[in-house]
Colleague: 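Shown below is the structure under consideration.
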Amino acid sequence: MSVTTPRRMLLLGAVGVLAASMAVGVTTAAQAGTTLGASAAEKGRYFGTAVAANRLSDSAYTTILNREFNQVTPENEMKIDATEPQQNQFSYGAADRIVSHARANGMQVRGHTLAWHAQQPPWMQSMSGTALRNAMTNHITQVATHFRGQVAWWDVVNEAFADGSSGARRDSNLQRTGNDWIEVAFRAADAADPNAQLCYNDYNIDNWNDAKTQAVYRMVQDFKQRGVPIDCVGLQSHFTGGSNYPSNYRTTLSSFAALGVDVHITELDIRNAPADAYRNVTNDCLAVARCKGITVWGIRDSDSWRSGESPLLFTGSGQKKPAYDAVLAALNSGTAQPTGSPTTPPPVGGNCTATASAGQVWGDRYNTSVTVTGASTWSVVVSVSSPQRITTTWSGTASLNSSGTVLTMRSNGSGGTFGFTTMMNGNSSARPQVTSCSTS
Ligand code: 9MR
């Protein structure tokens, strides 16, 4: 789709009205809530999954991925051993494949992870002291710069606290470079990608009473007080391998949120996938305004790192499990985001930031305008939830995917604000998400 003048917009709008009224005749009114991603988006959240690059050639896998999820986390492809296998030789092929799949399908990307004691390449494992500290900051700078504008959230530091009752930091070569290694990592990530949201991510920080949870809470509190650039906490929430969903999980989410950070459920899987536990996790996230979304750690049970526990939402043959129905029903209940407010979590960008705001709303369609700051040459990706469909655009060079749900808009010299019209097609509550802003 190309740039349209206001006059042509009216014409296309009229065609859209006709199409929408025809569609209403053959579909039920409530289109909302037929997929995890669309239902989560209606609540201003995402629903995501870990993705393995080598499964993107499996069409049964990508069919579910593209239908159900609007956020992805590379399962292994952005880890240190994958992105810097030899010191100062960076390798982004597999990660880039996941990012481009995500962008083409309007999915936001969580980067995982920049600094971690595990999955270090051999050269890093054998390092210590100042050399390791410098290697860590160089790694963060290079990788966060490479993905700038494409990664909405980074797990900057992963799993830095010890299990058990000590509340101490985990011993590791990184920890031995000095206790300030975590804040140094956050500052390096912030410098490399000021627009990404920067998260601390860990497991076994779900139970509010656990010493590990309390220790991470105190670190985040301290970082906020001292101005260390942290935006979010990721609770991995692996309720597998003997860890159970705790009844005070919502307290944990809301307590972190009260520190002024967003919370994300980043690696959810639950042994035997009980519908009740999945429902509870979903309701807990929906109950906490700063809980931005849920990512499950794989699509089908056969994709899981713990496949023996069958902990995911789809069977090995791709069938929806009872836990899937429970999550979808939970996402669809309760109050939707107020009509007219586009969901823009978070402003995304590389050297640019794109912020959506609501425009005029009619019975069958609505307008959205997006303002880009920080660059005069830009490319912004926005997406709407099917059956909504973008029909008209203005003030940019547009390309739309075939279903009309993912719009890539490039600057055309007419300024920093562009707009588009979305036909509701029966879903009157969902609003667009801004997926990325980049200067390329
Ligand atoms: O699922 C990942 C698996 O394929 C890898 O072999 C493993 C290696 O450490 O990492 C798994 O993902 C982990 C994630 O990166 C951090 N939290 C725990 C996850 C499950 O082990």
Colleague: Flag the pair Asp58 and Arg55 as a salt bridge only when some basic side-chain nitrogen lies within less than 4.0 angstrom of an acidic carboxylate oxygen.
Modeller: no
Colleague: Could you tell me how the ring of Tyr92 sits relative to the ring of Phe90: parallel (under 30°), tilted (30 to 60°) or perpendicular (over 60°)?
Modeller: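 Rings of Tyr92 and Phe90: parallel, as their planes differ by under 30°.
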Colleague: Under the side chain to side chain donor-acceptor pair (under 3.5 Å) rule, what do Asp284 and Tyr245 come out as? Steps first, then yes or no, please.
Modeller: CA-CA 11 Å; Asp284 290 343; Tyr245 164 82; 2.5 Å; yes
Colleague: Can you tell me how far apart SG (Cys232) and CZ (Arg110) are? Round to the nearest 0.5 Å.
Modeller: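 Spacing of SG (Cys232) from CZ (Arg110) equals 6.0 Å.
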Colleague: Do Asp325 and Lys320 sit within salt-bridge range, that is, some charged N less than 4.0 Å from a carboxylate O?
Modeller: no
Colleague: Does any donor atom in the side chain of Trp305 or Asp269 lie under 3.5 Å from an acceptor atom in the other side chain?
Modeller: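 Distance-only check passes for Trp305 and Asp269.
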Colleague: Hydrogens and angles aside, do Asp202 and Asn158 bring a side-chain donor and acceptor to less than 3.5 Å of each other?
Modeller: no
Colleague: Quick one: does Thr49's side chain have a donor or acceptor within less than 3.5 Å of a partner on Val51's backbone?
Modeller: no
Colleague: Could you check whether Arg279 pairs with Asp276 (Lys NZ or Arg NE/NH1/NH2 to Asp/Glu carboxylate O, under 4.0 Å)?
Modeller: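 Answer for the salt bridge query: yes.
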Colleague: Given 3.5 Å as the limit, does a donor-acceptor pair link the side chain of Gln89 with the main chain of Pro85, or not?
Modeller: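 Judged by distance alone, no pair lies under 3.5 Å.
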Colleague: Just checking, is any N or O donor in the side chain of Gln175 or Trp181 under 3.5 Å from an acceptor N or O on the other one?
Modeller: yes
Colleague: Strictly by modelled atom types, are Asn204 and Asp210 linked by a side-chain donor-acceptor pair under 3.5 Å?
Modeller: no
Colleague: Using the side chain to side chain contact (heavy atoms under 4.5 Å, CB included) definition, which of the options Leu114, Leu198, Asn201 pairs with Asp155?
Modeller: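 Answer to the side chain to side chain contact (heavy atoms under 4.5 Å, CB included) test with Asp155 among Leu114, Leu198, Asn201: Asn201.
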Colleague: Assess the side chains of Asn412 and Thr397: does a donor N or O sit below 3.5 Å from an acceptor N or O?
Modeller: no
Colleague: So, applying side-chain hydrogen bond (donor to acceptor under 3.5 Å, both in side chains) with Lys321, which one of Asp301, Thr315, Asn272 is it?
Modeller: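 Result: among Asp301, Thr315, Asn272, Asp301 is the only option passing the side-chain hydrogen bond (donor to acceptor under 3.5 Å, both in side chains) with Lys321.
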Colleague: Evaluate the side-chain proximity of Val233 to Ile205: yes if any heavy-atom separation is below 4.5 Å, no if none is.
Modeller: yes
Colleague: Identify whether NZ of Lys or CZ of Arg in Lys212 sits under 6.0 Å from the centre of the six-membered ring of Tyr217 and within 45° of that ring's axis.
Modeller: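 No, Lys212 does not sit over the ring of Tyr217.
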Colleague: Please work out which of the three classes, parallel, tilted or perpendicular, describes the rings of Phe47 and Phe69, given edges at 30° and 60°.
Modeller: tilted
Colleague: Does a side chain donor of either Ser428 or Tyr366 reach within less than 3.5 Å of an acceptor in the other side chain?
Modeller: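 Side-chain D/A pair, Ser428 to Tyr366: absent.
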Colleague: Taking atom types as modelled and ignoring hydrogens, do the side chains of Thr240 and Arg306 form a donor-acceptor contact shorter than 3.5 angstrom?
Modeller: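 Arg306 and Thr240 do have a side-chain donor-acceptor pair below 3.5 Å.
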Colleague: Taking the cut-offs as 6.0 angstrom to the six-membered ring centre and 45 degrees off its axis, would you call Arg271 and Phe239 a cation-pi pair?
Modeller: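 That pair does not qualify as a cation-pi contact.
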Colleague: As an exercise, state the distance from CZ of Phe420 to OG of Ser369, rounded to the nearest 0.5 Å.
Modeller: 8.5 Å
Colleague: Under a plain distance cut-off of 3.5 Å, with no hydrogens placed, do Asp206 and Gln236 share a side-chain donor-acceptor pair?
Modeller: no
Colleague: Between the side chains of Thr405 and Asn401, is a donor N or O closer than 3.5 angstrom to an acceptor N or O?
Modeller: yes
